[in-house]
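These notes are about the structure you will find just below.
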Amino acid sequence: MLASATDQNRNAGPRVLSVLKGATGPLIGLILLCVFLSFATDKFMSVRNLLNILDQITVLGIMAVGMTLVILIGGIDLAVGSVLALTMMVMGYLANQLGLPLILGILIALIVAAVTGAISGLLITAFRVPAFIATLAMMSVARGLANMITDGQQIVGFPSWFSLLAYTRFGGFLTLTVAIMLVVFVLGWLYLRYTSGGRSLYAIGGNQEVARLAGINVNLYTVGVYVVSGLLAGLAGVVLAMRLDSVQPTAGVTYELDTIAAVVIGGTSLSGGKGGIFGTIIGVLIIGVLRNGLNLLGVSPFTQAVVIGVVIALAVAAEALKRK
């Protein structure tokens, strides 16, 4: 019995290290940031503020999981912010203008979001359009469609239960929107760590030709990750609509940059093949904590943009140094 317990303790260390692999630097950075802010402002470490941070990162966190899968295969998705807006407008139009049940409107809107991802994936695989160009085109199309639905006007007035889901704390601390984000995190982590599909994504990111020769259907997986990225962007749009109790076609502007930033700060390589969900979670928390802390310190939004830009540059530079 003692030997068995000793063996388990010995194996625990390597298991923890394998989970933290590639994310130790961002984790240390997050801890140092929290320590600094806890001394800089007495409001930061309050339970209420920490719960607010979780609420504020839900949209970014959900989108970042899809972006992680895309970047792992060496791709990029610039359309997520626009797909988020399109999903919101489709949902609002179907439920408020056409009178469909809200749940049905949400399901149809999510299907639309997944279709946008499928189109991007097909452009990349079937027509050999570079991912940057394909998703840039989809970004423009989705944003244009979002504006066309109501001629650029917002839609307000959802059922009260819909917005309450974003603010009612079940058990005194967990909102439904945070729960959705946590479920997405767990599913993404389990997929990458314990399934052959997850290992295939790493192989594709490492070398597409080698992955193809190994029998991996590269095109299928590529389309698949863009579908998931679009679907999660749509889900993030639903969550944002809950928080705002309204939908508008201008929602999600620059969200694609924040999403890519969170993934890169979390240690996922832009060249593909390295990274994971745990690092992305840390990257999302860093951006959320940084923004929250700067707000508490009274830093202007313009200065915040500069600070976050510097953090992104340092994260990319650190990745480049590690490769050398």
>> I'd like to know whether T135 forms a side chain to side chain contact (heavy atoms under 4.5 Å, CB included) with V70, so could you lay out the CA-CA distance, the side-chain angles of the two residues, the decisive distance to 0.1 Å, and finally the verdict.
In response: CA-CA 11 Å; T135 57; V70 170; over 6 Å; no

> Please walk me through it: do T58 and I180 pass side chain to side chain contact (heavy atoms under 4.5 Å, CB included)?
Replying inline: CA-CA 8 Å; T58 50; I180 291 172; over 6 Å; no

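Judged as a ring pair (Phe, Tyr, Trp, His ring centres under 6.0 Å), and not counting sequence neighbours, F132 has no contacts. The ring pair (Phe, Tyr, Trp, His ring centres under 6.0 Å) test applied to Y194 returns W189, not counting sequence neighbours. A search for side chain to side chain contact (heavy atoms under 4.5 Å, CB included) contacts involving N52 returns R48, D55, Q56, R169, not counting sequence neighbours. Applying the ring pair (Phe, Tyr, Trp, His ring centres under 6.0 Å) criterion to F158, with sequence neighbours excluded, gives F162. For S300, the side chain to side chain contact (heavy atoms under 4.5 Å, CB included) partners are F302, T303, not counting sequence neighbours. In this structure R291 satisfies the salt bridge (Lys or Arg N to Asp or Glu O under 4.0 Å) test together with D258, sequence neighbours excluded.
In plain terms, the two heavy atoms of Q304 and V299 that are nearest each other are NE2-O, 3.1 Å. When all heavy atoms of V289 and C34 are compared, the closest pair comes out as CG1-SG, 4.3 Å. In this structure, A85 and A251 approach most closely via the heavy-atom pair CB-O, 3.3 Å. Contact record, P26 with I265: CG-O, 3.2 Å, taken as the closest heavy-atom pair. Residues T268 and G275 come closest through the heavy atom pair OG1-CA, 3.6 Å. Between L86 and A142, the closest heavy-atom pair is CB-O, 3.9 Å.
Under the 4.5 Å side-chain criterion, counting only non-hydrogen atoms from C-beta, L145 is not in contact with M89. Residues I71 and L270 have side chains in contact (heavy-atom distance under 4.5 Å, counting atoms from C-beta outward). Residues L72 and Y202 are in side-chain contact: their nearest non-hydrogen atoms beyond the backbone lie under 4.5 Å apart. Side-chain contact between L50 and L54: absent, with no pair of heavy atoms (C-beta onward) separated by less than 4.5 Å. When side chains are defined from C-beta on, I73 does not count as touching Y221, because their heavy atoms never get closer than 4.5 Å. Proximity of V59 to L84: side-chain heavy atoms (C-beta onward) are separated by under 4.5 Å at one or more points. The side-chain heavy atoms of L240 and Y255, taken from C-beta on, include a pair separated by under 4.5 Å. With contacts defined as side-chain heavy-atom distances shorter than 4.5 Å, the pair I277/Y191 does not qualify.
A distance-only check finds no donor-acceptor pair linking the side chain of S246 to the backbone of V156 [under 3.5 Å]. In this structure a side-chain-to-backbone donor-acceptor pair under 3.5 Å is present from S46 to N49. Put simply, the side chain of E256 never gets that close to the backbone of D77: no donor and acceptor are under 3.5 Å apart. Without hydrogens or angle criteria, S229 side chain to V225 main chain gives no donor-acceptor distance under 3.5 Å.
Between the CE atom of M45 and the CG atom of L37 there is a distance of 10.0 Å, given to the nearest 0.5 Å. Here CG of L69 is found 5.5 Å from CG of L192. Values are rounded to the nearest 0.5 Å. Summarising the geometry, atom OG1 belonging to T259 is positioned 8.0 Å from atom CD1 belonging to I287; distances are rounded to the nearest 0.5 Å. Note: Y93 OH to I149 CD1 = 8.5 Å, rounded to the nearest 0.5 Å. L285 contributes atom CG, which lies 11.5 Å from atom CD1 of I31 (distance to the nearest 0.5 angstrom). If you take CZ on R143 and OG1 on T250, they are separated by 7.0 Å, rounding to the nearest 0.5 Å.
Both I260 and I286 are assigned to one and the same hydrophobic cluster, defined by single-linkage of ILVMFWY side chains at heavy-atom distances under 4.5 Å. Grouping the Ile, Leu, Val, Met, Phe, Trp and Tyr side chains by contacts below 4.5 angstrom, directly or via other members, places I62 with I53. In the hydrophobic cluster analysis, where Ile, Leu, Val, Met, Phe, Trp and Tyr join through side-chain heavy atoms closer than 4.5 angstrom, L257 is grouped apart from L136. In terms of hydrophobic clustering, with Ile, Leu, Val, Met, Phe, Trp and Tyr side chains grouped at heavy-atom distances under 4.5 Å, F278 and L187 are assigned to different clusters. A single hydrophobic cluster is seen to contain both L297 and L290, as judged by linkage of ILVMFWY side chains at heavy-atom distances under 4.5 Å, directly or through other members.
Side-chain N/O atoms of T68 and T280 include a donor and acceptor closer than 3.5 Å.
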Could you pull out all donor-acceptor pairs under 3.5 Å where a side-chain atom in residues 100-115 meets a protein atom, sequence neighbours excluded?
none

Which donor-acceptor pairs under 3.5 Å do the side chains of residues 203-218 make with protein atoms, sequence neighbours left out?
residue, atom, partner, partner atom, Å
N207, OD1, E209, N, 3.1
N207, OD1, V210, N, 3.0
E209, OE1, R212, NH1, 2.9
N217, OD1, L220, N, 3.1

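Residue L164 shares its hydrophobic cluster (ILVMFWY side chains chained together at separations under 4.5 Å) with no other residue.
Residue pairs meeting the side-chain hydrogen bond (donor to acceptor under 3.5 Å, both in side chains) criterion with at least one partner in residues 154-168, sequence neighbours excluded, do not occur; the list is empty. Among pairs with a residue in residues 36-75, none fulfils ring-ring contact (aromatic ring centres under 6.0 Å, His included), at least two apart in sequence or across chains. Residue pairs meeting the side-chain hydrogen bond (donor to acceptor under 3.5 Å, both in side chains) criterion with at least one partner in residues 106-123, sequence neighbours excluded, are absent.
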